[in-house]
Amino acid sequence: MAEANTTNKRVRINLSQNSKGLIQFDITAEFESVEETKVALSAAVDAAREVIKAKGLTEVSA
């Protein structure tokens, strides 16, 4: 079977609550270059933190 040459450009963000009620995030970024991935990943972390703050939730500390 021929392999399709498709490019995936996507970011997935998952927020979950731990047993202490704190919010943690899991982010996956897939892009063609490392530089594009870094930019998208940085934006996704900022976006996840904005949502957590806007909803009045508490993020797990680093």
remark   = Applied to residues 36-46, the salt bridge (Lys or Arg N to Asp or Glu O under 4.0 Å) test, sequence neighbours excluded, yields Lys9-Glu36, Glu35-Lys38
key: All pairs passing salt bridge (Lys or Arg N to Asp or Glu O under 4.0 Å) where residues 18-34 contributes a residue, at least two apart   = Arg10-Glu30
ask   = Tracing side-chain links under 4.5 Å among I, L, V, M, F, W and Y, which residues wind up in one group with Phe31?
value = Val11, Ile13, Leu15, Ile23, Phe25, Ile27, Leu41, Val45, Val51, Ile52, Leu57
